[in-house]
Amino acid sequence: MSGFSEQLETAGRWIRSAERIGVFTGAGISAESGIATFRDAGGFWQKYPPEEFATWDGILHLSATNPNLLADFLLELLEPIAEAEPNPGHRAIAALEQHRRVTVMTQNVDALHQDAGSREVKEIHGTFFEIVNSSGERLRTVTRAELLDVVESLRKAKESFFRRINLASAVRPMLGLGTHGFYRPNLVLFGDGMNEPDWTESLDVAQNCDVFLTVGTSGLVLPAAMLPHEAASSGAKCIAVDPSEESGDLWFPGTAGEVLPRLLEAAFPN
Ligand code: OAD
């Protein structure tokens with residue numbers, strides 16, 4: 001039996017014996033849905049440094065000084081998310097729920113776990129699919145179709161003569177000043193607090209699950225990266241799926257779309 005098959009068998013046994021499973025995901029799980037990761041070669045932050053593009057102050061500054069660049073950034077960020085569909089990795093995690101209690105804790109803001117059918121999803125870095133006011137109160141949800149409309153309007157605005165005005169109105173469904181003050185997508189940017197109650201609930205899951213599965217994260221951003229450590233020190237068996245980031249008790253150096261369906265099959269063969 002090859003090393004990979006042995007590993008699959010061990011991981012399958014751990015998953016089968018678990019009552020509660022925590023699944024912690026990062027950008028890597030959505031890579032096969034066409035959404036770029038942040039730190040891989042050609043990743044998002046190489047082109048758009050987070051100091052400038054991943055804070056509300058930075059975004060406000062750019063809207064005044066370089067709206068075209070801001071529009072490029074928003075288009076590159078939003079378009080793949082608006083067009084994305086779950087991949088076999090998301091679907092395998094959702095299918096795991098048919099067998100065990102599973103809580104997904106994701107750093108992603110693309111809602112692909114929910115689209116794949118996962119029911120218990122903690123969005124620790126927030127989501128593009130919810131609008132909040134300046135105090136963080138939830139005002140409404142956003143559909144993928146609405147996001148696609150914003151992308152279309154942004155593209156038209158970039159080519160128009162009154163660019164600055166049209167860019168502001170393109171993003172107005174999601175970002176602006178309304179009758180109840182400032183509203184924006186419920187995103188956790190650098191310097192913001194974590195999305196609650198999702199973060200506190202995720203810590204609780206990490207401390208109380210039997211198996212903790214980490215998928216597609218560089219583990220460089222705190223406090224999110226604490227979760228696998230919390231799980232390990234609370235006694236969970238830790239499995240990691242990532243082509244290049246080794247971690248956990250058992251590491252599968254492959255992609256989410258390839259490895260997760262095989263892991264599901266190893267745990268619960270048809
Ligand atoms: P990163 O871009 O830092 O890491 C992506 C990880 O996915 C890397 O370890 C890759 O090896 C792995 N990967 C790439 N393709 C994969 C595939 N097909 N299957 C599985 N894994 C794959 O993304 P995150 O760790 O999610 O935060 O980044 C964490 C946070 O940093 C984000 O939530 C975001 C960012 O700044 C904020 O914006 C607050």
Side-chain angles (χ1 to χ4, degrees), residues 4 7 11 23-59 73-74 76-78 80-81 84-93 104-113 116 121-130 132 136 184-196 198-199 202 212-229 238-248 250-264:
F4 184 73
Q7 279 196 312
V23 181
F24 174 49
T25 65
I29 194 165
S30 296
E32 286 152 289
S33 294
I35 302 175
T37 61
F38 295 100
R39 296 175 182 81
D40 288 304
F44 216 74
W45 292 153
Q46 273 185 3
K47 192 159 174 196
Y48 299 106
E51 312 79 65
E52 254 181 286
F53 291 89
T55 67
W56 294 112
D57 281 351
I59 288 174
F73 164 70
L74 290 175
E76 235 170 285
L77 181 67
L78 287 177
I81 294 179
E85 288 180 8
N87 66 55
H90 296 104
R91 291 205 190 90
I93 291 170
V104 177
M105 295 152 273
T106 189
Q107 297 167 90
N108 302 342
V109 294
D110 56 29
L112 288 178
H113 284 295
V121 182
K122 310 291 174 202
E123 296 174 302
I124 63 177
H125 285 168
T127 173
F128 257 121
F129 294 86
E130 208 168 62
V132 293
R184 60 169 176 80
N186 184 15
L187 299 177
V188 172
L189 300 189
F190 285 95
D192 294 343
M194 297 294 269
N195 188 37
E196 291 289 4
D198 296 43
W199 170 242
S202 296
F212 192 86
L213 174 60
T214 298
V215 185
T217 177
S218 58
L220 291 174
V221 173
L222 286 168
M226 283 165 52
L227 290 175
H229 300 285
C238 294
I239 304 169
V241 177
D242 193 300
S244 57
E245 199 60 41
E246 181 170 3
S247 68
L250 208 50
W251 172 46
F252 289 91
T255 73
E258 287 161 9
V259 176
L260 291 174
R262 297 192 62 184
L263 209 51
L264 176 72

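Numbering of ligands and ligand atoms starts at 1, following listing order.
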### Message
Going by side chain to side chain contact (heavy atoms under 4.5 Å, CB included), name the residues that satisfy it together with Leu250, two or more places apart in sequence or in a different chain.
### Response
Gln7, Thr10, Ala11, Trp14, Phe252
#### Entry: Results of side chain to side chain donor-acceptor pair (under 3.5 Å) for Ser247 - residues two or more places apart only
none
### Query
Can any side-chain N or O of Asn108 pair as donor or acceptor with the backbone N or O of Ala27 at less than 3.5 Å?
yes
### Query
In terms of the angle between their ring planes, are Phe24 and Phe212 parallel, tilted or perpendicular, with boundaries placed at 30° and 60°?
tilted
### Message
Using the side chain to side chain donor-acceptor pair (under 3.5 Å) criterion, which residues pair with Thr217? Sequence neighbours excluded.
### Response
Gln107
### Task
For Glu130 and Asn186, test the side chains for any donor-to-acceptor distance below 3.5 angstrom and give the result as yes or no.
yes
### Query
Who's touching ligand 1 if we go heavy atoms under 4.0 Å?
Gly26, Ala27, Gly28, Ala31, Glu32, Thr37, Phe38, Arg39, Asp40, Trp45, Gln107, His125, Val188, Phe190, Gly216, Thr217, Ser218, Val221, Asp242, Pro243, Ser244, Glu245, Thr255, Ala256
